[in-house]
Amino acid sequence: MDYLKAFLIGGILCTIGQILIDRTKLTPARILVAYVVIGVILGGLHIYEPLIDFAGAGATVPLTGFGNSLAKGVREAIDEKGFLGIFIGGLKATAGGITSAIVAGLLSSCLFRAKDKS
């Protein structure tokens, strides 16, 4: 049942993104940024946590989950370090995801040759 919940919630988030790509003039980059910002807002308001409890990876893997992790990291760092936590909390909480994205990009650039769009 957990797999079904994750699939449904993750699928709904991805479907919304695809509809935005197909039906609006928003660029994919703007949609991705909007997903992160929505995740930060919902995480900051403690609204995203029940969705994570319900759907697990279906809610944490999409970019809204990344935004939620940023908000949660900042919240925790503010509790520990005060004002300085605003600047270090988000990066500390998402360092693993950021590092894996950088490493994947590096490996892709080493393995494949970029070509100009014609």
Side-chain angles (χ1 to χ4, degrees):
M1 193 61 159
D2 290 339
Y3 292 121
L4 180 61
K5 291 178 191 176
F7 177 77
L8 288 175
I9 297 301
I12 289 169
L13 290 171
C14 292
T15 301
I16 292 168
Q18 189 63 50
I19 290 169
L20 290 172
I21 290 171
D22 292 343
R23 305 273 185 200
T24 68
K25 292 184 178 185
L26 292 172
T27 63
R30 289 183 180 190
I31 294 168
L32 295 175
V33 169
Y35 266 46
V36 173
V37 171
I38 289 168
V40 168
I41 292 169
L42 294 177
L45 297 174
H46 300 283
I47 297 172
Y48 205 75
E49 290 297 323
L51 186 62
I52 291 173
D53 293 339
F54 175 76
T60 58
V61 171
L63 284 173
T64 50
F66 181 76
N68 176 63
S69 295
L70 286 170
K72 185 177 178 181
V74 169
R75 225 179 14 250
E76 290 172 359
I78 288 173
D79 290 342
E80 288 178 20
K81 305 207 183 273
F83 183 76
L84 186 61
I86 294 171
F87 304 105
I88 62 172
L91 287 176
K92 185 176 177 185
T94 58
I98 293 169
T99 302
S100 64
I102 291 170
V103 170
L106 176 66
L107 290 175
S108 295
S109 68
C110 291
L111 295 174
F112 303 102
R113 183 176 295 257
K115 296 178 184 175
D116 290 333
K117 286 178 122 177
S118 302

Mind checking the [atom1]-[atom2] spacing from [X] to [Y]? Nearest 0.5 Å is all I need.
X: T60; Y: I9; atom1: OG1; atom2: CD1; answer: 12.0 Å
X: L32; Y: L63; atom1: CG; atom2: CG; answer: 5.5 Å
X: E76; Y: D79; atom1: CD; atom2: CG; answer: 8.0 Å
X: I98; Y: K92; atom1: CD1; atom2: NZ; answer: 14.0 Å
X: R30; Y: L20; atom1: CZ; atom2: CG; answer: 13.5 Å
X: K5; Y: L51; atom1: NZ; atom2: CG; answer: 11.5 Å

Do [X] and [Y] share a hydrophobic cluster (ILVMFWY, side-chain heavy atoms under 4.5 Å, transitive)?
X: I38; Y: I19; result: no
X: L13; Y: L4; result: no
X: F7; Y: F54; result: no
X: F66; Y: V40; result: yes
X: L42; Y: L8; result: no

Keeping [X] on the side-chain end and [Y] on the backbone end, is there a donor-acceptor pair under 3.5 Å?
X: T24; Y: I21; result: no
X: T99; Y: G96; result: no
X: Y35; Y: G65; result: no
X: R75; Y: G43; result: yes
X: Y48; Y: A59; result: yes

Looking only at heavy atoms, which two atoms of [X] and [Y] are closest? And how far apart?
X: I47; Y: P50; value: O-CD, 3.1 Å
X: T94; Y: S69; value: CG2-CB, 3.7 Å
X: G89; Y: A77; value: CA-CB, 3.4 Å
X: A71; Y: G44; value: CB-N, 3.7 Å

Requested in this report: Tell me, with the steps shown, if N68 and I52 meet side-chain contact (heavy atoms from CB on, under 4.5 Å).
Outcome: CA-CA 10 Å; N68 176 63; I52 291 173; 3.1 Å; yes
Requested in this report: Carefully, step by step, assess I41 and V37 under the rule side-chain contact (heavy atoms from CB on, under 4.5 Å).
Outcome: CA-CA 6 Å; I41 292 169; V37 171; 3.8 Å; yes
**Report entry** Step-by-step side-chain contact (heavy atoms from CB on, under 4.5 Å) determination, I78 to I86
**Finding:** CA-CA 6 Å; I78 288 173; I86 294 171; 3.7 Å; yes
